[in-house]
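In what follows, a single structure is set out as structure tokens and then discussed.
Reckoned from all heavy atoms, side chains included, excluding hydrogens, waters and symmetry mates. All chains are named by letter (A, B, ...) in the order of the sequence lines, taking the proteins before the strands, and each is independently numbered beginning at 1.
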Amino acid sequence: MEIFLGYFLYAMSLLTVGGIYALLALGLNVQWGFAGLFNAGVAGFAAIGAYTYALLTTAESQFHFGGLELPLVVGDILAMIFAGIVATIIGLICIRLRADYLAIATIGIAEIIKLILKNETNITNGPRGINKIPRTWEHFTEERFYTNFPMNLFLNQKGWEAFFASIPKWWWQPFFAITIILIVIITYFFLEKLRVSPWGRMMTAIRENEKAAAAAGKNVTKRRIEAFILGAVIMGLAGAFLGQHLRLIEPTQTFDPSKMTFLVWVMLIAGGSGNNKGAILGAFLIWFVWSSSELVTNGVIEILATMFDSIDISILKNRAGFIRMLFIGLLLQLILQRYPKGILPEKRPAISGKY
Amino acid sequence: MWESFWFEFINFYFIPGLVLGCIYALGAIGITLTFGILRFANFAHGEIMMTSSYLTWEFVLVASSFGLILHPIIGAIPASICSIFLALIVDRFFYKPFRNSPTIMIVIASFGMMLIIRSLVQVIWGPNQITFVKGIAKPNQFIKDFTSNFDMMILIPNKHISILLGTIIIMLVFNYLLSSTKIGKGMRAVSDNPNLAEVSGINVENIVKATWVVGGFCAAAAGVFLALDTQFIESTMGFRMLLPMFAAAILGGIGRPFGAVAGGLIIGLAEELSAYPWLGNGPVISPGYKSGVAFSIMVLMLIFRPSGLFRGKVF
Amino acid sequence: MIKKILISGLAVFGISSVAYSDVKIGNPMARTGPIPELVKPMSAAVDLAVEHVNDQGGLFSDGQKYIAVKVDSACDPVAAVDAVTKLVNVEVVTGIVGPVCSGATIAQAESVSIPAGVVTLSVSASSPAISEMENGTDLVFRTAASDAYQGIALAELAMSKGIKDIAVSYANDDYNAAIAAVFSKAFTSMGGKITGNEAHEPNKASYRSEVNTLGSGSNNLALFAYYGSSGITIMRNALETGAFENFIGADGMLAQEVIDQLGAENLGNVTFTTSASDSSTDAFKSWKKHADAANVPASDPFVPNSYDAAFLMALAIEKAGSADRSKISAALREVANGPGEKILPGEWKKAKEIIASGGSIDYVGAAGPQDFDENGDVAGLFSKNTVVDGKWKPVVIK
């Protein structure tokens, strides 16, 4: 029985992280899929979201700025707003850059954001990062929440302690996963509405033929900045949830561009850019493969070990992590060459219809 | 009068900056060429640099098992041939299918190549650092004595002399190739206008191959020079150099190889000089922000003068 | 393709969960990421402890096999949380030995293992933040001393060498930034003068300008870096330009690689501390004998600590009498803190017999006595290491 609970909880964790990546991919889809903006600084926006959330909601600490202890939802919203503000500034400056140039500029900006987070030690605790980030649902079990408003209206401290002792320890995991999935679904419907709205059609027009769109009297630059900001806001929210899931964030490894930026691009391209369903599918699929490939490579090495007793596989064991990366890289090339439009290619909104 | 200010400034900030700049410059040539001719940012370029330094080390090692003691620069010759082939193979199997696809596809493919090449190197040689040249390099005694006669002592180790000289030689050959040979002219033509080049009878596929040969060779040289300077090799050394090299290519102007060289030198000098105590005793910019120097130059350049210093292309 | 991978993946899950007669522990370590070269011997030490347990009768009366499931935590919170989630849920491990880096350790503990009630016994995480991490649980332990101790030990060492002024350069990562801060504070409070205190960005090709700017203030450098990512380059740049004469530093710099690359003749004035073990103790001698036989570098940083962690975890499981996670924390304190018969590294059979007969034991580890305080920390013993005949020679600081 325990093993099934284990698989269930692992599935919850896959859904949680997959959902966070799905949000990142949806944000990127607004920027790339809708507006054709090549943002290679996803990690930077996620970092802004995560740090905003963490600094505003954590308890007071000797290590970093904080102690505001804002409600978690307020933290989430401010994470989105702050990511949006930074995106506005970047967008106003950089939006006229084209394709690769925008990509390189955003990589550079994301790195600068990380350097600031790393060096302004008084505020962010520098490379040592921020821990004890409250996680939605699980935070109810923390004393500073259940002894304060509004939880103290229902039960007193003793009552809550007894209540939490009476339910399984992992109770919050499905709730947390479902919350994230719900947010993904809400974002999805919002973006789908947007895609077939006049705004969305205009975005497609601008992406496909900018000159024609401009000639038709559309304010191309403004629409692009809007798309850039909207994408960044979604990424900021994803960052806030990433911070909650990890409960510790630090600038160097957590927001490593190969895992936070590149992997998101792989997800979007594999799933089908321009297609919101594709973005979500790609995110979950690639994350499942990424996460479970560790179990697979370990398993394969075990099998090899039992099959070939004589061969020394210790080298393989030590290098399993790299074999896994190799495998992911090859998988990516395969997807790119076999399914260049992604698993779910983009569907244009119908020209006329009931919308 | 060779004041202590100039002594310190030249020896401890300017020459190191120049050496770093040469390495950036050689790497940036390949990036700017592929950017100019194939029109994409090749993220795998740093890995070709890294692979070539591993191959050089391997050749030197193999030679020494036959009793031959090779200088790494000799070992670099077969290694650079191998990395040229590596670049061509990568192009044939992983980039060519995307020639007519949107740029993003090939950029992502190159990002994937970066992962593949790096993890292959890590699987083959392991992730550990490998000593490339042992010991520490003392300044060249002859130059030290000679210049101190003029009261302007210059401290420069032999490894830096070979890096500087090597870069100059490669640049001269490259200049000749680009300005006086048919293939070089073809490269410039394709870079300026691929369609026009194609209709005027230039075989674009051949030009692409030539680009990889030149880019691969420069990457190999940059990789070996980097290994000569740091004296060790490890599997992320190429990636660490990638963004400053992009910065150098953009600073110089895309498709402008000599711009890339100038860009490389500027970025190298700027990085080293950012730690100079211009104001007071401490470094003017905290060394924690060192890599931010290159990025900031790059972003500012993109915003205010995307064509670069030497009027490169803007797509 | 993807389907096939998923199917084969499920098949592998199936295989790995069948073997019920084994006791599994998780061993997340930073096998990829910034410090794979430091981790390799640590991983080998864990293997050695597992081998000792299995060769001398295994766990419990029916001799169950002790298995360390190795995963990659990459020194990265994202990877560590994912890896430990798999260990805790899919592999159903009894306890966790690892991870290596402090950030990864805190993240996996707060996010996964503490909520799941699984004990984490870190082998090298040394951040002071770990001491005050838990609220009311007792699930995070470590066999390496907190930086708070080593920074002070290093400051005392500098003082005893007659160093009055020193420049500090540290790599801007969680481990080195933390220890540099402790060192600077301790050194200043002992009356020393810090002439410059600068972070540097790891993984750059050259640090000549940083080194020279810092070198204008002092001839002594306290260097906090991993040798692989920036340490060797800084040492080389400093030696080449003659900016500094004396070097002191901590764990991250201590590796044979440093001598191999820079040459022993250039390292006359270099002293690095490491959390070490008193090599005169019986425990260390016993460890050294086993380690030498298995070709594991006995004195490398955190290698004895890794052995101790894996061995202690086995003792705790044996003491608890079953692979039940909830009993490990208390059992771990019993076997580590005593009182009881002293158990040295490698003495699994003896320990097993004593536990079977209802006696109590006190493990004395390769890296130190390994007695946990109320935070799950151990006291630190440190050695200063200088180059003698082309090798690091440790001398324990009393």
Worksheet item: Which bit of Tyr24(B) comes within less than 4.5 Å of chain C, counting heavy atoms only: side chain, backbone, both or neither?
Response: side chain

Worksheet, complete the sentence: One option among Ala171(C), Gly242(C), Ser209(C) has the most heavy-atom pairs under 4.5 Å with chain B, and it is Ser209(C)

Practice prompt. Sort Tyr13(B) into side chain, backbone, both or neither according to what part of it lies under 4.5 angstrom from a heavy atom of chain C.
Written response: side chain

Worksheet, complete the sentence: Okay, Leu155(B) and chain C: the region with an atom under 4.5 Å from a heavy atom over there is neither

Practice prompt. Kindly write out the residues that satisfy ring pair (Phe, Tyr, Trp, His ring centres under 6.0 Å) with Tyr307(C), not counting sequence neighbours, or none if the list is empty.
Written response: His52(C), Trp287(C), Phe311(C)

Worksheet item: Out of curiosity, Met253(C) CE to Asn385(C) CG, how far, rounded to the nearest 0.5 Å?
Response: 12.0 Å

Practice prompt. Would you kindly say whether Ser184(C) and Asn197(C) are connected by a side-chain donor-acceptor distance under 3.5 Å?
Written response: yes

Worksheet item: Is the centre of the Phe246(B) ring less than 6.0 Å from the centre of the Phe43(B) ring?
Response: yes

Item to complete: Answer with side chain, backbone, both or neither: which region of Gln231(B) has an atom nearer than 4.5 Å to a non-hydrogen atom of chain C?
Response: both

Discussion item. Does the plane of the ring in Tyr226(C) sit parallel, tilted or perpendicular to the ring in Tyr175(C)? Use 30° and 60° as the thresholds.
Written reply: parallel

Worksheet item: If you tally heavy-atom pairs under 4.5 Å against chain C, which of His160(B), Met237(B), Glu234(B) wins?
Response: His160(B)

Discussion item. Can you tell me which portion of Ile23(B) sits under 4.5 Å from chain C's heavy atoms? Options are side chain, backbone, both or neither.
Written reply: neither

Item to complete: Could you tell me which portion of Glu257(C) (side chain, backbone, both or neither) has an atom closer than 4.5 angstrom to a non-hydrogen atom of chain B?
Response: side chain

Response to the item:
One option among Gln261(C), Glu265(C), His200(C), Glu201(C) has the most heavy-atom pairs under 4.5 Å with chain B, and it is Gln261(C)

Worksheet item: Where on Ile232(C) is there a heavy atom nearer than 4.5 Å to chain B: the side chain, the backbone, both, or neither?
Response: side chain

Worksheet item: With only heavy atoms counted, which part of Asn266(C) is less than 4.5 Å from chain B, the side chain, the backbone, both or neither?
Response: side chain

Worksheet item: Relative to chain C, which segment of Met241(B) carries a heavy atom at a distance below 4.5 Å: side chain, backbone, both, or neither?
Response: side chain

Practice prompt. Just give me the residue among Ala264(C), Ser206(C), Gly263(C), Gly215(C) that pairs up with chain B most often, heavy atom to heavy atom, under 4.5 Å.
Written response: Ser206(C)

Discussion item. Check this for me, if you would: do Lys290(B) and Glu271(B) make a salt bridge, where the nitrogen-to-carboxylate-oxygen distance has to be below 4.0 angstrom?
Written reply: no

Discussion item. Can you confirm whether the side chains of Tyr227(C) and Gln129(B) place a donor and an acceptor under 3.5 Å from each other?
Written reply: no

Worksheet entry | Engaged part of Val19(B) at the chain C interface, taking heavy atoms whose separation is under 4.5 Å | neither

Worksheet item: Is Leu273(B) close to Phe9(B) at the side-chain level, that is, under 4.5 Å between some pair of heavy atoms?
Response: yes

Worksheet item: Can you tell me if Ser218(C) and Asp165(C) form a side-chain donor-acceptor pair at under 3.5 Å?
Response: yes

